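We count residues from 1, following the sequence as given. Bear in mind the structure is a predicted one, so any value in this text is a computation, not a measurement.
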Amino acid sequence: MSDSLVGARVVLDVGPVAHGGHCVARWDGRVVFVRHALPGERVEAVVTEGARDSRFLRADAVDVLNAAPGRVEPPCPWSGPGRCGGCDWQHADAVTQRRLLADVVREQLVRLAGLEVDVVVEPVGEGLLDWRTRMGWAVDRRGRAGPRRHRSHDVVAVDDCRIAHPGLPRVAGGTWQGERVEAVVGSTGDKLLVLDGPPARGSVEPETGLVVAGRVVRGRAAVREQVRHRTFRVTGPGFWQVHPQAATTLVDAVLEATQVRPGQRLWDLYAGVGLFTAFLAEGVGAAGEVVAVEADAGAVRDAKRNLHDLPHAVLRLGQVEGVLRAAVAAGERADTVVLDPPRVGARARVVRAVASLARDRVVYVACDPAALARDVATFAEAGWRLAGLRAFALFPMTHHVECVAVLVPTSGSASVLGPSADS
């Protein structure tokens, strides 16, 4: 007799939301992480992972016995148990999604940093669909493109993605070689496809730029992104925020958080193609300086072009930890340090170096609340405290949330950064 519980049907009283797009329930003395449910619901669920001796189980809600307020019919037919794993909250309305995100950020700060923080997740844009301007599609053995099932390598060959921006090059329905297709549409209308191998005839729109295995075979290899009065070049699948209003939203939040003044010396870590660097450099003026650190050589090439009119923006190519270590050893200081690390966070060594480099404040842009909370705890050990936090719903239908946190020296004066009055 197998000890696996996969396929077992259980009735669950759903508890609070947890980080990762699921809620927590209990069954037979153990925790169950259940997707497609909302806190307060009673559901019938099917176990998708776990055995009789497992510490916890995973399950999908397949029948809602008692629905919670905020539940809606998912607008995407590919959303639900056993289908696309790209969205987590298609079954929740917009207000409920933001409340769930706020609960997750709050819980992570309590659990990992020991902080009680009032969190409000601010809406960005209108609607929950048609927003994603950069899409990565997996390709199955038959050449069909689609998202993957949740916690699986299986490709779901969808007719289209409902959160994809309508301006993206069409990928669904085509036939592709390789394992992945990246589709991009810039805010200026530029389009780009990045492929592992050549597409079948007729799969690519004629006006779309095409890059195959790093080689440009059609059109330009970059898109142009417009933010405020500046234009940024982003080559290939290089990093750029995926929501059309994300870049402007975060620039506004970072500038508010830094309180940048002429003549200041700032550092911008994980600077990418220079999005924050450009506006920070405008703020400090020719009498100031912004040092931008980025490890990706392609991003630095784009940043050089994007910052060509700002000679007081200094680019340093290298791993953030190594560049910081050398700067601190040389006695360099900065009035403010801005950092936008990858999903895993900055981690302890970088945090301690930032705490030694910065004089007045640190502005931390985070796409993962657990990583942010861990790093905030490390900042606290180094003598810095969380002085303000904003959170933004930049990834509708998903469990992802973007935060902008302000940290100041523990002995310093308070700096409050909160949601805008009209949010």
Side-chain angles (χ1 to χ4, degrees), residues 1-121 128 149-152 156 368-370 373 391 393 395-401:
M1 178 178 176
S2 172
D3 287 332
S4 174
L5 291 173
V6 174
R9 298 179 76 93
V10 296
V11 174
L12 302 173
D13 291 315
V14 182
V17 65
H19 183 34
H22 45 249
C23 296
V24 178
R26 291 190 175 273
W27 177 77
D28 194 27
R30 76 196 87 184
V31 168
V32 183
F33 296 115
V34 55
R35 284 173 56 84
H36 312 294
L38 293 175
E41 292 187 330
R42 168 165 280 205
V43 302
E44 185 175 9
V46 172
V47 176
T48 56
E49 294 181 35
R52 297 183 188 281
D53 60 351
S54 298
R55 292 188 300 108
F56 63 87
L57 307 174
R58 297 184 184 274
D60 284 342
V62 296
D63 190 17
V64 180
L65 306 179
N66 292 317
R71 174 172 281 276
V72 296
E73 187 68 23
C76 177
W78 302 103
S79 174
R83 301 190 181 102
C84 168
C87 290
D88 307 290
W89 304 118
Q90 289 258 350
H91 57 286
D93 64 26
V95 172
T96 301
Q97 288 186 34
R98 294 198 301 273
R99 177 176 55 79
L100 294 170
L101 297 176
D103 288 347
V104 168
V105 175
R106 188 182 304 111
E107 188 271 337
Q108 294 297 304
L109 287 169
V110 169
R111 186 170 65 87
L112 298 174
L115 296 174
E116 292 278 356
V117 179
D118 184 22
V119 180
V120 176
V121 175
L128 302 176
R149 301 184 195 279
H150 182 62
R151 295 178 63 81
S152 169
V156 181
D368 184 271
F395 312 92
M397 299 295 194
T398 79
H399 74 273
H400 301 292
V401 57

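- Of all the heavy atoms in Pro69 and Leu38, the pair that sits closest is O-CD1, 4.5 Å.
- Nearest heavy atoms, Val43 versus Ala37: CG1-CB, 4.3 Å.
- Every side chain to side chain donor-acceptor pair (under 3.5 Å) that Ser152 has, sequence neighbours left out, goes to Asp154.
- Qualifying side chain to side chain donor-acceptor pair (under 3.5 Å) partners for Trp27, counting only residues two or more places apart in sequence or in other chains: none.
- Between Glu107 and Val110, the closest side-chain pair of non-hydrogen atoms is not below 4.5 Å.
- Heavy atoms only, all atoms of each residue included: Ala113 and Ala373 are closest at CB-O, 3.5 Å.
- Partners of Pro77 by side-chain contact (heavy atoms from CB on, under 4.5 Å), not counting sequence neighbours, listed by chain and number: Arg162.
- Contacts classified as salt bridge (charged side-chain N to carboxylate O under 4.0 Å, His left out) and involving residues 17-41 (residues at least two apart or in different chains) are given here: Asp28-Arg30, Arg35-Asp88, Glu41-Arg71.
- Under the ring pair (Phe, Tyr, Trp, His ring centres under 6.0 Å) criterion, His91 pairs with Trp89, not counting sequence neighbours.
- The closest side-chain heavy-atom distance from Met397 to Pro75 is below 4.5 Å.
- Formation of a donor-acceptor pair under 3.5 Å by the Ser79 side chain with backbone atoms of Cys76 is not found in this model.
- For the side-chain contact (heavy atoms from CB on, under 4.5 Å) test, residues two or more places apart in sequence or in another chain that qualify with Pro396 are Leu128, Trp131, His243.
- With sequence neighbours excluded, the residues that form a side-chain contact (heavy atoms from CB on, under 4.5 Å) with Ala18 are His22, Val24.
- Pairs of residues two or more places apart, or lying in two chains, that qualify as salt bridge (charged side-chain N to carboxylate O under 4.0 Å, His left out) and include a residue from residues 56-65 are Glu49-Arg58.
- Put simply, the side chain of Asp368 does not reach to within 4.5 Å of the side chain of Gln108, judged on heavy atoms.
- Contact record, Cys84 with Gly86: SG-N, 3.1 Å, taken as the closest heavy-atom pair.
- Contact detail for Ala51 and Leu57: the closest heavy-atom pair is O-CD2, 3.8 Å.
- Evaluation of the side-chain contact (heavy atoms from CB on, under 4.5 Å) rule for Val72 yields Asp93 as partners, not counting sequence neighbours.
- Separation of atoms CG (Leu12) and SG (Cys23) is listed at 11.0 Å; rounding is to 0.5 Å.
- Val105 is listed as a side-chain neighbour of Val401, based on a closest heavy-atom distance under 4.5 Å.
- Every side chain to side chain donor-acceptor pair (under 3.5 Å) that Arg9 has, sequence neighbours left out, goes to Glu44.
- Nearest heavy atoms, Val34 versus Ala45: CG2-CB, 4.4 Å.
- For His150, the ring pair (Phe, Tyr, Trp, His ring centres under 6.0 Å) criterion is met by no residue, not counting sequence neighbours.
- In this view, Arg106 and Asp103 satisfy the side chain to side chain donor-acceptor pair (under 3.5 Å) rule, not counting sequence neighbours.
- Annotation: the span from Thr96 atom OG1 to Leu101 atom CG amounts to 11.0 Å, rounded to 0.5 Å.
- If you take CG on Asp13 and CG on Leu65, they are separated by 9.0 Å, rounding to the nearest 0.5 Å.
- Of the inter-residue distances, the one linking Cys87 atom SG with His400 atom NE2 reads 9.5 Å to the nearest 0.5 angstrom.
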